[in-house]
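Here is the naming used below: chain letters follow the sequence lines, and residue numbers restart at 1 for every chain. Just the heavy atoms: all of them, side chains too, but no hydrogens, waters or symmetry mates, feed the values below.
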Amino acid sequence: MKFYNFPAEGEMQCDVRLFASELIYDEIEATALKQLFDASKIPGIIAVVGMPDLHQGYGLPIGGIMVSRINDGIISPGAVGFDINCGVRLMTTQLEFSQLQNNLEKIMRKAQIKIPAGVGEEKENIFNKNEFKEILNHGVPYLVNEKGIGNKNDINACEDNGFIEGADAEAVPEKAIERAFNQLATLGSGNHFLELQRVKEVYAKDCGLFEDQLVFMIHTGSRAFGHQIAKHYSNIAKKSGVKTPTKNLASFKINSEGGINYKKAMAAAANFAFANRHLIAHNLRHIIKEFYPQESFDLFYDITHNIAKKELYQGEEVLVHRKGACKLAKDGIALIPGSMGTFSYLIKAQNSKANELSYYSTAHGAGRKMSRSQAKKDISQKDHFNSMGTVKLYHSSSDSILDESPLAYKDINIVIDALEKTELAKAVAKFEPAAVIKG
DNA sequence: ATGTTC
């Protein structure tokens, strides 16, 4: 087990731990590290941890974990992120990749029509306003149990069974509902994707996957809904919250009116995101059934990487913010999506001591190497095209996609290597994309 | 990430 530990000094309330390999540590941005140190200076914070995909973010860096006491602690919209409950789900078939034959193109084209992608894209909401609020308050179980959409495994294979308790649509600003009412079952833009993948390698035979298996991965979140909530409450926290070292880490006392309302709205956004991934997967399920009527299309796991949750840690209840970091499932697994055109991974917890020190957290992806603007400036079409190899891209927008090029991200294999070196986790299976839908 | 600068 190996990690970098920076002992508390000055205003720091706790040590800062960074789980990184030497290779990653040498390249980590000073600005991202500074954001970790600033987070450790907020009263009530008992732990700050960085993952190997750490990079600069709004307030807390992406790949950051910030843990607060409950009674006198804080909750920070900037430490959850703008895309509340952004996450990843893996859907499995029992088909071998070779059985696809010439259906890849047809499946992806149908998916592109049925699953809107891109900035501001909408899909007519099949639910009325009351049903929409039920989704916000109760997430995936409402869709399965009350509306008959999906099956029991679609609930059980979700982190937290596809809903965060304590959600209250009444704490959601009306503007969030206006903006996102017609964004359920849509993919969005940025690093979000829907990929058709092939299980390239299985390192642990008992992981429930087999080599050459045809699977689908969906990476998306709460669209404009979570974004509007994050913006709304971050602004309130800046005006009337507790004082923090940096403005964008603006926080509420957990038990203050602002803290209570943000938590209710954050949970509603989390439920929106769970429902969003569930509905996208369900629509994809219909497409798969058209081609393979006898095949099952099952949820393997759905994991979030932008959320704050109450968790029991060494007998004490604490609030764990994870931003661009995910929580290991009960059986120790987590899904780590690659950037467009690169491998994704299923990983499993490795060393229980390392896992304890990281609050059972792990990395969430490759992590950016370049800002969006830098990528658009520095990456040529030709270099980008070469970096995509044989992966077929279905891009809905006429805009350039260079800011999402694999060249704009760190090599995910280096992140996985760092997880193994720090003994946080080891790779269990590797997924190779064959086709990707981007916004 | 985001009606990509309320």
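A/Phe181 carries A/Lys129 over the face of its six-membered ring, with the cationic atom under 6.0 Å from the centre and within 45° of the normal.
The side chain to side chain contact (heavy atoms under 4.5 Å, CB included) test applied to A/Thr186 returns A/Pro116, A/Lys123, A/Gln183, A/Arg223, not counting sequence neighbours.
Counting any heavy atom pair closer than 4.0 Å across all strands shown, A/Ser222 reaches no nucleic acid atom. A/Arg223 comes within contact range of the sugar-phosphate backbone alone, with a heavy-atom separation under 4.0 Å but no base atom that close. Residue contacts for A/Lys175: at a heavy-atom cut-off of 4.0 Å it reaches a base atom on one of the strands shown. A/Asp403 comes within 4.0 angstrom of nothing in the nucleic acid, heavy atoms only.
Applying the 4.0 Å criterion to OP1 and OP2 of B/dT4, one finds that A/Ser189 has every side-chain N and O outside that range.
A/Ala39 approaches A/Leu60 most closely through the heavy-atom pair CB-CD1, 3.6 Å.
The distance between atom CG of A/Asp83 and atom C1' of B/dT2, rounded to the nearest whole Å, is 9 Å. Rounded to whole Å, atom P of B/dC6 lies 15 Å from atom NZ of A/Lys239. Rounded to an integer number of Å, the gap from A/His227 NE2 to B/dC6 C1' is 12 Å. To the nearest angstrom, C1' of B/dT4 lies 14 Å from NE2 of A/His192. Taking atom CZ of A/Phe272 as the reference point, atom P of B/dT2 lies 10 Å away to the nearest angstrom. Rounded to whole angstrom, the span from the CD atom of A/Gln183 across to the P atom of B/dT4 amounts to 12 Å. Between the C1' atom of B/dT5 and the CG atom of A/Asn235 lies a distance of 14 Å, rounded to the nearest Å. Distance A/Ile62 CD1 to B/dT2 P: 13 Å, rounded to the nearest Å.
Ring centroid separation for the pair A/His227 and A/His232 does not come in under the 6.0 Å cut-off. A ring-centre distance under 6.0 Å is not found for A/Phe274 and A/Phe163. Outside the 6.0 Å centre-distance limit, the rings of A/Tyr4 and A/Phe19 are not counted as a close aromatic pair.
Using modelled atom types, one finds a donor on one side chain and an acceptor on the other under 3.5 Å when comparing A/Thr304 with A/Asn85.
A heavy atom lying under 4.0 Å from DNA chain B marks the following residues of residues 117-128 of chain A, by number: A/Val119, A/Gly120.
For the pair A/Arg368 and A/Lys231, both in contact range of DNA chain B, the more 5′-proximal nearest nucleotide belongs to A/Arg368.
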